[in-house]
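Naming: A, B, ... by sequence-line order, numbering from 1 per chain.
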Amino acid sequence: MNKNGNQLTKEEILVIADTIKGTTFKEISYKYGNKGGFGLVIEEVFCINPNSRPLPDFEEAGIELKVTPYKINKNGTLSAKERLVLNNINYKNENLTDFHKSSFWKKNETMLIIFYLFDELKEKRDFMITNHLLHNFSENDLKIIKDDWRIIRDKIKNGEAHNISEADTLYLGACTKGVNSKSLVGQPFSTTIKAKPRAYSLKTTYMTLLIRKLMSKEKIEKIFDEKIETSFENQMRIKLNRFFGKSQEELKNIFKIRSNAKNINELLLSRMLGLKGKVSKSEEFLKANIIPKTVRVEEDGHIVESMSFPTFEFSKIINETWDDSELRDYFESTKFLFIVFKKENDVYVFKDIKLWNMQISILDKQARDVWEKTKELIETGHIIKRISGKRRFTYFPDTTFNGVCHVRPHAKDAEDTYELPVKDILTGVEKYTKHCFWLNNTFIKSIIS
DNA sequence: GCATGATCATGC
DNA sequence: GCATGATCATGC
């Protein structure tokens with residue numbers, strides 16, 4: 001074997017990668033010496049020294065080495081266990097003018113990704129390396145990643161490095177990277193506000209798709225076989241152009257859909273984009289973690305309904321802190337595609353689409369306030385305010401609380417409940433109708449217009 | 001008329 | 001059976 005990993009050729013690297021396929025970390029470190037973490041063990045195999053240089057690990061071959069876990073879900077599908085964390089972003093030194101000169105591109109243009117199977121029932125040293133992939137970004141992925149990079153770059157340029165959210169971008173993220181959430185670093189375009197240290201990363205959902213394409217046979221449809229020329233959102237708009245202005249009924253006729261399912265609009269969008277399956281199961285939506293949502297606008301421009309999200313468990317929320325809460329994680333990692341229908345001459349007409357994610361400043365202020373208030377009410381048993389006939393009114397934050405979101409029932413019926421960790425003071429009930437966080441209709445209107 | 005509680009329709 | 005997406009319905 002070559003003594004210096006930096007000098008290995010691509011072919012030599014792939015040969016070595018083949019030799020560790022099907023082995024556990026225990027077996028490898030027995031053979032090569034145990035230097036600690038998984039990444040270090042693998043670097044030992046390839047005779048490269050840990051470094052944080054701006055160049056790829058295999059300098060000559062131009063390949064960066066990555067080691068990452070995946071898992072088998074309860075339903076048998078595979079998922080990445082975590083995002084793939086790449087190089088740190090040095091806010092002050094990053095090249096902010098040219099993507100091809102950025103630290104991201106210089107280091108990660110080509111990656112050898114080694115996958116190991118995570119299993120919570122096993123000890124870490126028994127995890128097995130099962131696959132590897134020499135990864136180059138496809139043309140369309142690269143287009144999207146360049147746009148993502150510009151979004152991150154613009155935040156830094158605008159002195160907004162502290163407001164970067166993973167959901168701002170589609171595939172390439174800028175994840176926080178610090179010993180704890182309190183460590184902060186300076187940023188070049190703001191003298192007053194420090195930001196969390198961050199690293200480039202490929203989103204968990206992006207990694208999941210890589211894994212499924214590599215290891216499972218399931219067919220995943222792509223929205224874009226053609227080259228993406230403009231932004232992802234605009235490219236979809238171009239595809240949808242001939243359907244704007246058509247009513248729901250017209251669209252149902254065009255695609256011969258008879259269903260009255262409540263997700264009919266997602267089905268229609270899928271057909272309009274030329275997909276056989278659902279748009280939420282398309283490669284692009286899965287990779288970027290985009291959830292489609294219907295918005296109905298009335299003739300005068302107002303929106304009647306607020307927007308629901310998955311329910312939360314009362315007993316879970318009280319054991320969370322905001323920073324590690326399910327709600328924060330959800331809005332920090334999820335993008336939404338609003339499918340906008342507007343009422344015209346008594347029918348709802350397909351108007352437009354809009355990609356949206358909650359900005360960090362709103363997430364960590366208004367959404368947090370609603371969450372903290374909700375947690376406090378559950379902890380103290382202040383749930384029911386009064387009862388009126390069959391209806392039970394609660395203390396949960398309502399639409400007037402701060403104009404962004406509120407808490408309301410979201411269940412099959414009133415008897416569809418989760419346990420309350422603390423009995424309700426007024427009635428003594430120990431379980432309550434499932435609730436979720438809702439985005440206010442007025443807030444959605446402000447996003448759409 | 002709007003806010004808030006309640007519930008529907010479907011698919012997995 | 002239930003999560004999900006969506007909308008209905010009551011009463012203030």
Colleague: Could you tell me which residues satisfy salt bridge (Lys or Arg N to Asp or Glu O under 4.0 Å) with D119(A), sequence neighbours excluded, listed by chain and number?
Modeller: none
Colleague: Between CD1 of I264(A) and NZ of K252(A), what distance do you get to the nearest 0.5 Å?
Modeller: 4.5 Å
Colleague: Establish, from distance only, whether the side-chain atoms of E94(A) and S102(A) form a donor-acceptor pair under 3.5 Å.
Modeller: no
Colleague: Please check the phosphate of dT7(C) (OP1 and OP2 only) for any side-chain N or O of R296(A) closer than 4.0 Å.
Modeller: yes
Colleague: What is the nucleic acid contact for F309(A), judged by heavy atoms within less than 4.0 Å: base, sugar-phosphate only, or nothing?
Modeller: nothing
Colleague: Counting only heavy atoms not in E123(A) (residues, nucleotides, ligands), do more than 12 fall under 6.0 Å from its CD?
Modeller: no
Colleague: With the criterion being N/O to N/O and under 3.5 Å, what pairs connect the protein with nucleotides 8-12 of chain B, and how long is each?
Modeller:
unit_1	atom_1	unit_2	atom_2	d
dC8(B)	O2	K262(A)	NZ	2.6
dC8(B)	N4	A411(A)	O	3.4

Colleague: Quick one: is T399(A) getting a side-chain N or O under 4.0 Å of the dT4(B) phosphate, OP1 or OP2?
Modeller: yes
Colleague: Counting only side-chain N and O atoms of T394(A), is one of them less than 4.0 Å from OP1 or OP2 of dG5(B)?
Modeller: yes
Colleague: Side chain of H302(A): nearest nucleotide among dC2(C), dC2(B), dT7(C)?
Modeller: dC2(B)
Colleague: Both conditions, 6.0 Å and 45 degrees, for the charged tip of R296(A) above the ring of F341(A): are they met here?
Modeller: no
Colleague: Would you kindly check whether a donor in the side chain of R391(A) faces an acceptor in the base of dT4(B), or vice versa, at under 3.5 angstrom?
Modeller: yes
Colleague: Go nucleotide by nucleotide along DNA chain B from the 5' end; which of N441(A) and K390(A) gets its closest nucleotide reached first?
Modeller: N441(A)
Colleague: Under the ring pair (Phe, Tyr, Trp, His ring centres under 6.0 Å) rule, collect the residues that match up with Y206(A), sequence neighbours excluded.
Modeller: Y171(A)
Colleague: Is it the case that the base of dA6(C) and the side chain of S308(A) share a donor-acceptor contact (distance under 3.5 Å, atom types as modelled)?
Modeller: yes
Colleague: Counting the atoms with a prime plus P, OP1 and OP2 as sugar-phosphate, which does K434(A) contact under 4.0 Å by heavy atoms, base, sugar-phosphate, or nothing?
Modeller: sugar-phosphate
Colleague: Do F232(A) and F224(A) have ring centres separated by under 6.0 Å?
Modeller: yes
Colleague: Considering heavy-atom distances to DNA chain C, does D416(A) or N265(A) have its closest nucleotide positioned more toward the 5' end?
Modeller: D416(A)
Colleague: Nearest nucleotide by nearest heavy atom, which residue falls closer to the 5' end of DNA chain B, V304(A) or E415(A)?
Modeller: V304(A)
Colleague: By nearest heavy atom, map W438(A) and P310(A) onto DNA chain C; which one lands nearer the 5' end?
Modeller: P310(A)
